[in-house]
J.: 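Input: one structure, supplied below.
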Amino acid sequence: MKIDISRRIGRFRADRRVVILLVLIGLGLAGRVWLAEHPEHNPWAPLDLRDPVGWATEAKLLALRNDPAQCRAALERSEIAFTSLDPAGEGACRREDRTRLDGYPLSPSTPAMTCPTTVALYLWERDILEPLARELFDSEIEQIEHLGAYSCRRLYGRDEGPWSEHATANAIDIAGIRLSDGTQISVLDDWDADGPKAEFLRRARDGACDGFTTVLSPAYNAAHADHFHLDMSARWRGVCR
């Protein structure tokens, strides 16, 4: 009798392991199906900027910083028009990655930048600036005014020290926004003012911090009194001032 009970217990344990294994396989298959339907949460799915923001989006965007080919593939996959330009410059100001967004509302013109910077700029305009313009002014973005992207110089124009992200066009300085209803929003004139223009600028700055690795505004220092500095530095993450 004891031997029979022991055998039954042994079979029960084996059956339980089989059941657990089948449950795990079922959960794995269900998870694969769910991830296929929600690529924004799937770390292995190629980045498509048309997908909503998900758990894996930030990691995918950060991965673009050191991989221009992967970045351009993401632009193509997302059906975002751009032009790839030949490398230019030399030394610390050598620009291997020169990517220009086509049809983007930069003024006075759309400069060539690194591909990760173009991606961050595209998302900032689409996901932050446009909704803010509609919410606060019932209008749309007409132009994003900038002070330049490329400048072969060290930080703050010093003779020595670290090179600026502008030296490789991995940054852009934004001076203001013009809306389709004619509203002009200036970083220099409106940052410390009251009303919707100041609110627009502060929320635009905060929103940029979700996409760019470095965001510097007039709140940082006097050198940024008239612009937002936005860059995709690979050295750090989360500088938002």
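For reference, positions follow the sequence shown, starting with 1.
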J.: Quick check: do D48 and E79 have side-chain heavy atoms less than 4.5 Å from each other?
T.: no
J.: Mark yes or no for whether T117, through its side chain, and M113, through its backbone, hold a donor-acceptor pair below 3.5 Å.
T.: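 Looks like no, no N/O pair under 3.5 Å.
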J.: Taking all heavy atoms of P52 and all of T57, pick out the closest pair and write down the distance.
T.: O-OG1, 4.0 Å
J.: Applying the 4.5 Å side-chain criterion to the ILVMFWY set and letting contacts propagate, would L136 and I144 be lumped into a single cluster?
T.: yes
J.: Before giving the answer on salt bridge (Lys or Arg N to Asp or Glu O under 4.0 Å), spell out for R95 and E90 the whole-Å C-alpha distance, their side-chain angles and the decisive distance to 0.1 Å.
T.: CA-CA 8 Å; R95 289 165 288 153; E90 57 186 24; over 6 Å; no
J.: If every non-hydrogen atom of N42 is compared with every non-hydrogen atom of K60, which pair is closest and at what distance?
T.: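 Smallest interatomic distance, heavy atoms only, reads O-NZ, 2.8 Å.
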J.: Classify the side-chain pair T214/S233 by whether it contains a donor and acceptor separated by less than 3.5 Å.
T.: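 Checked: T214/S233 side chains show no N/O donor-acceptor pair below 3.5 Å.
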J.: To the nearest 0.5 Å, what is the distance between CG (L129) and CZ (R134)?
T.: 10.5 Å
J.: How many angstroms lie between atom OG of S164 and atom OH of Y156, to the nearest 0.5 angstrom?
T.: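 Taking OG in S164 and OH in Y156, the distance rounds to 9.5 Å.
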J.: Decide whether Y150 and N170 meet the rule of one side-chain donor and one side-chain acceptor closer than 3.5 Å.
T.: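 Y150 vs N170: no donor-acceptor pair found between side chains.
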J.: Considering only heavy atoms from C-beta outward, does the side chain of D210 approach that of V53 to under 4.5 Å?
T.: no
J.: Any side-chain heavy atom of P162 within less than 4.5 Å of one from R154?
T.: no
J.: Is the shortest heavy-atom distance from the side chain of F137 to the side chain of K197 under 4.5 Å?
T.: yes
J.: Taking all heavy atoms of L121 and all of Y104, pick out the closest pair and write down the distance.
T.: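 Heavy atoms of L121 and Y104 come nearest at O-OH, 2.8 Å.
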J.: Once rounded to the nearest 0.5 Å, what's the spacing between atom CZ of R100 and atom OG1 of T110?
T.: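 R100 CZ to T110 OG1: 8.0 Å, rounded to 0.5 Å.
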J.: Does the side chain of L155 reach to within under 4.5 Å of the side chain of E165, using non-hydrogen atoms?
T.: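 A side-chain contact is absent here, since even the closest heavy-atom pair is not under 4.5 Å.
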J.: Before you tell me yes or no, could you show the steps for D192 and R202 under salt bridge (Lys or Arg N to Asp or Glu O under 4.0 Å), namely the whole-Å CA-CA distance, both residues' side-chain angles and the distance that decides it to 0.1 Å?
T.: CA-CA 10 Å; D192 288 324; R202 292 177 187 281; 3.8 Å; yes
J.: So, D226 versus H224: side-chain donor-acceptor pair below 3.5 Å or not?
T.: no
J.: Flag yes if Y122 and V215 sit in one hydrophobic cluster, no otherwise; membership is Ile, Leu, Val, Met, Phe, Trp, Tyr, and two members link when side-chain heavy atoms are under 4.5 Å apart.
T.: yes
J.: Can you tell me how far the OG1 atom of T118 sits from the CD1 atom of I172, to the nearest 0.5 Å?
T.: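 Reported to 0.5 Å precision, the distance equals 10.5 Å.
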J.: By the definition side chain to side chain donor-acceptor pair (under 3.5 Å), identify the one residue from E145, Q143, E142 that meets it with R178.
T.: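 Answer to the side chain to side chain donor-acceptor pair (under 3.5 Å) test with R178 among E145, Q143, E142: Q143.
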J.: So L75 and C115, side-chain contact (heavy atoms from CB on, under 4.5 Å) or not? Walk me through it.
T.: CA-CA 9 Å; L75 288 174; C115 184; 3.7 Å; yes
J.: Determine the minimum heavy-atom distance between A112 and R98, stating which atoms define it.
T.: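 Result for this residue pair: CB-CB, 4.1 Å.
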J.: Are H166 and H229 an aromatic pair, judged by ring center distance below 6.0 Å?
T.: yes
J.: So, S217 and R205: side-chain donor and acceptor under 3.5 Å apart, yes or no?
T.: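 Yes, side-chain donor-acceptor contact under 3.5 Å.
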J.: Side chains of E140 and E130, heavy atoms from C-beta outward: is any pair under 4.5 Å?
T.: yes
J.: Just wondering, more than 12 heavy atoms not from D102 lying within 6.0 Å of its CG?
T.: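 Buried by this count: over 12 neighbours within 6.0 Å.
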J.: Report yes if the side chains of F228 and F212 come closer than 4.5 Å at any heavy-atom pair, otherwise no.
T.: no
J.: For a 4.5 angstrom cut-off between non-hydrogen side-chain atoms, does D67 reach P116?
T.: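 Heavy-atom side-chain distance check fails, nothing below 4.5 Å.
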J.: Between CG of N221 and CG of L216, what distance do you get to the nearest 0.5 Å?
T.: 7.5 Å
J.: Which heavy-atom pair separates W124 from A204 by the least distance, and what is that distance?
T.: NE1-O, 2.9 Å
J.: Quick one: closest heavy-atom pair of R153 and A167, and the distance?
T.: O-CB, 3.8 Å
J.: Atom CD1 of I141 and atom CG of L132: how far apart are they, to the nearest 0.5 Å?
T.: 8.0 Å
J.: For the residue pair T99 / R72, report whether a side-chain donor-acceptor contact shorter than 3.5 Å exists.
T.: yes
